[in-house]
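Following: one structure in structure tokens, then a few remarks.
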Amino acid sequence: MNRRFALVGTGARAEMFVQAITASPAAQLVAFCDTNEHRMAVHNGWLPAPVPTYAAGDLATMLARERADVLIVTSVDATHAGHIVTALEAGCDVITEKPMTTDAAGCRAILDAIARTGRQVSVAFNYRFNPVHERVRMLLAEGAVGEIGSVHFEWLLDVRHGADYFRRWHRDKANSGGLLVHKAGHHFDLVNWWLGTAPAEVYASGKLFFYGENGKRHGYAREYDRVHGSPAATDDPFALHLADNPRLRSLYLDAEQLDGYHRDQNVFAPGVTIEDDMAVLVRYDTGATMTYHLTAYSPWEGYRLMVNGSRGRLELEVVENDHVSPSAAGSLKGAAVHGMTENPEHGHRRLTLHPFWEPAREIDLPSSPRGGHGGADERMTAVLLGTATDPLARSATARDGALALATGLAANESLRTGAPVAVKDLALF
Ligand SMILES: NC(=O)c1ccc[n+]([C@@H]2O[C@H](COP(=O)([O-])OP(=O)(O)OC[C@H]3O[C@@H](n4cnc5c(N)ncnc54)[C@H](O)[C@@H]3O)[C@@H](O)[C@H]2O)c1
């Protein structure tokens, strides 16, 4: 039987779900909901046949009138909890983008609504579906390094991708929870899943070092508020030119007169309340520990993971791009490098097992599938829409969403107080 899907939040990320639903024989798209009528019309224009659209305040009406079975939530992070609870109360299941929500109250409201209604929430942690991350999970589950004592994990966002969090709603912690919730939530979820653990205590130290008003100190700042219409932004490598990209123009520039959402703010303009450089120390319920660092202003993009165990050590290095080409500065991650037939940016992946008293062994990795996030997006939507099986238990539940959030929220609290935070004191569960 076809399940009926409605979607709230018709921005950029919505398209991945819309395409998967419209291509699936087991799913039917029945309606859109958003605060911005123009963005819903743009998405409808991409469909073979438009679906009904509803204002954000009419979400419950939409779910009832369109007889939705499942709500997809791809709106601004801080709005997730309200939409999820409304859908659960309406008898729907929910697939939500990460983070599940941005604060402890929202998390408790979601878990309570699940208990009350018996409905399900899946969190779209697509990084679990990356074949390299699946390989790490399998190796650790097979005991390749024995019992795990500690993890060292460093994630670098380059000055193209990292900068994008400082151009729009993410730059306000009230919207996104900051990068420890919005971005590192992916990484904290991976570690929970890889190790089969839950965080117990978290200490964090972080700051806004590069973006915002620091741009003056480092010599990058230009005097303008937003790029569109600002001569000072013309040759700024940090500027995103919405008018040059038909998709960005239609989704954001042509829609902004309705809600004043400027997608192209100056990353060095005042008003940033999130951090761009964060160090986190986590103790897990198994006794394992993690040292983690997220940097959002790196010259190259990728990550390094090291897992120390009772039988050896596993090391993963992924370089997604070794530099940001000058011709691609001011574009978005994954965008074509303008005027180049060949992308000058290079990457590599290396997974190495170091057993005790043996030479290191490089682990064969599956070739990178095509598609969003290293093929992870397509693999995830196939499982979430019920057209593929999930033997590795990659699909994340609301509890998984809460556990990923637990590390980020505890880290944020630690930033605020300067002290370690016991996860149980957040009273999420
Ligand atoms: N897993 C991933 O790899 C990944 C990648 C990108 C984005 N995301 C997630 O997807 C979500 C959307 O991100 P995006 O980049 O598409 O953002 P976006 O700004 O392009 O879209 C957000 C949409 O939400 C709408 N909106 C704002 N307030 C609303 C409300 N109260 N009710 C209904 N709609 C509202 C906006 O009008 C906009 O259309 C976020 O939660 C983000 O974390 C996940």
Side-chain angles (χ1 to χ4, degrees), residues 6-18 31-44 53-60 62 71-87 94-102 106 122-130 133 157 161 164-165 167-172 174-179 181-187 189-190 240 242 247-248 250-265 274 320 332-334 371-381 384 396 401 404-405 408:
L7 181 143
V8 60
T10 50
R13 186 61 174 164
E15 196 182 359
M16 177 202 71
F17 288 99
V18 170
F32 286 140
C33 178
D34 200 291
T35 44
N36 189 301
E37 185 62 45
H38 180 91
R39 258 191 295 281
M40 291 193 278
V42 171
H43 275 272
N44 257 335
T53 59
Y54 290 82
D58 296 332
L59 179 64
M62 172 185 84
L71 178 68
I72 308 260
V73 179
T74 48
S75 51
V76 168
D77 299 350
T79 67
H80 289 184
H83 297 324
I84 294 170
V85 171
T86 300
V94 174
I95 297 172
T96 181
E97 258 306 342
K98 48 51 55 175
M100 187 168 78
T101 179
T102 50
S122 306
V123 184
F125 279 129
N126 49 345
Y127 286 29
R128 290 185 178 202
F129 293 79
N130 179 318
H133 301 161
L157 300 168
H161 184 197
D164 205 37
Y165 300 106
R167 293 191 177 111
R168 50 179 180 148
W169 52 264
H170 311 71
R171 74 201 314 265
D172 183 350
N175 289 326
S176 64
L179 292 180
V181 166
H182 177 84
K183 189 68 194 174
H186 273 303
H187 317 146
D189 172 67
L190 279 177
L240 178 68
L242 297 175
R247 190 168 178 275
L248 294 177
S250 61
L251 266 184
Y252 303 106
L253 195 56
D254 296 346
E256 67 184 35
Q257 79 281 3
L258 294 183
D259 57 10
Y261 172 8
H262 291 169
R263 173 72 178 81
D264 61 347
Q265 292 173 57
I274 65 173
E320 294 183 354
L332 296 179
K333 180 177 160 75
H373 296 99
D377 286 351
E378 286 75 358
R379 293 153 64 88
M380 177 183 71
T381 47
L384 292 179
L405 196 59

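Atoms within a ligand are numbered from 1 in the order they appear, just like the ligands themselves.
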Exercise. How close does the nearest protein non-hydrogen atom get to atom 16 (O) of ligand 1, and which residue and atom is it?
Worked result: R13 N, 2.8 Å
For this session: Would you mind running through ligand 1 and noting each atom that sits below 4.0 Å from a heavy atom of V8?
Result: 33 (C)
Exercise. Quick one: does R247's side chain get under 4.5 Å of E15's, heavy atoms only?
Worked result: yes
Problem set entry | Side chain proximity check, H262 to Y252, heavy atoms < 4.5 angstrom | no
Exercise. Tell me, which protein residue and heavy-atom name are nearest atom 31 (N) of ligand 1, and how many Å apart are they?
Worked result: T79 CG2, 3.5 Å
Problem set entry | Distance-only N or O hit between ligand 1 and W169, under 3.5 Å | yes
For this session: Evaluate the side-chain proximity of N36 to Y261: yes if any heavy-atom separation is below 4.5 Å, no if none is.
Result: no
For this session: Indicate the ring-plane relationship of Y127 and H133, choosing parallel, tilted or perpendicular according to the 30° and 60° boundaries.
Result: tilted
Exercise. What do you reckon, does Y127 have a nitrogen or oxygen under 3.5 Å from a nitrogen or oxygen of ligand 1?
Worked result: no
Exercise. Considering only heavy atoms from C-beta outward, does the side chain of T79 approach that of V8 to under 4.5 Å?
Worked result: no
Exercise. Of K98, E97, H373, which meets side chain to side chain donor-acceptor pair (under 3.5 Å) against N126?
Worked result: H373
Exercise. Which ligand 1 atoms are under 4.0 Å away from a heavy-atom of H373?
Worked result: 3 (O)
Exercise. Heavy-atom distance under 4.5 Å between the side chains of N175 and D77, does that happen here?
Worked result: no
Exercise. If you measure from atom 10 (O) of ligand 1 to every heavy atom of R263, E97, E15, which option wins on shortest distance?
Worked result: E97
Exercise. What pair of heavy atoms forms the shortest contact from A404 to F125, and how long is it?
Worked result: CB-CZ, 3.7 Å
Seminar exercise, completed: Looking at T101, D77, L248, the heavy atom closest to atom 40 (C) of ligand 1 belongs to D77
Exercise. Within less than 4.0 angstrom of ligand 1, does Y261 place any heavy atom?
Worked result: yes
Problem set entry | Sidechain-backbone polar pair: H43 side chain, T10 backbone, donor-acceptor under 3.5 Å | yes
Problem set entry | Nearest protein heavy atom with distance in Å, relative to atom 22 (C) of ligand 1 | T74 O, 4.0 Å
Seminar exercise, completed: closest protein heavy atom to atom 24 (O) of ligand 1 is S75 CA, 3.4 Å
For this session: Measure the distances from the heavy atoms of R168 to every atom of ligand 1 and state whether one is below 4.0 angstrom.
Result: yes
Problem set entry | Element-labelled atoms of ligand 1 that are located less than 4.0 Å from some non-hydrogen atom of Y252 | 18 (P), 20 (O)
Exercise. Does an N or O from D259, backbone or side chain, lie closer than 3.5 Å to an N or O of ligand 1?
Worked result: no
For this session: First locate atom CE of M62, then atom OH of Y54, and finally report the distance between them rounded to the nearest 0.5 Å.
Result: 8.0 Å
Exercise. Of all the non-hydrogen atoms in the protein, which one sits nearest to atom 36 (C) of ligand 1, and at what distance?
Worked result: D34 OD1, 3.5 Å
For this session: State whether the side chain of H80 and the backbone N or O of V73 hold a donor-acceptor pair below 3.5 Å, judged by distance alone.
Result: no
Problem set entry | Atoms of ligand 1, numbered as shown, that sit under 4.0 Å from any heavy atom of T10 | 39 (O)
Seminar exercise, completed: of all protein heavy atoms, closest to atom 27 (C) of ligand 1 is V76 CG2, 3.6 Å
Problem set entry | Under 3.5 Å: N/O of A12 near N/O of ligand 1 | yes
Problem set entry | Separation of L253 CG from H38 NE2 (nearest 0.5 Å) | 9.0 Å
Problem set entry | Identity and distance of the protein heavy atom lying nearest atom 35 (C) of ligand 1 | T35 OG1, 3.7 Å
Seminar exercise, completed: So the atoms of ligand 1 within less than 4.0 Å of a heavy atom of H80 turn out to be 41 (O)
Exercise. So which protein heavy atom does atom 38 (C) of ligand 1 come closest to, and at what separation?
Worked result: R39 NE, 3.4 Å
Problem set entry | Ligand-residue contact atoms, ligand 1 with A56, heavy atoms, under 4.0 Å | 32 (N), 33 (C)
Problem set entry | Ion pair D164/R263, N-O distance below 4.0 Å | yes
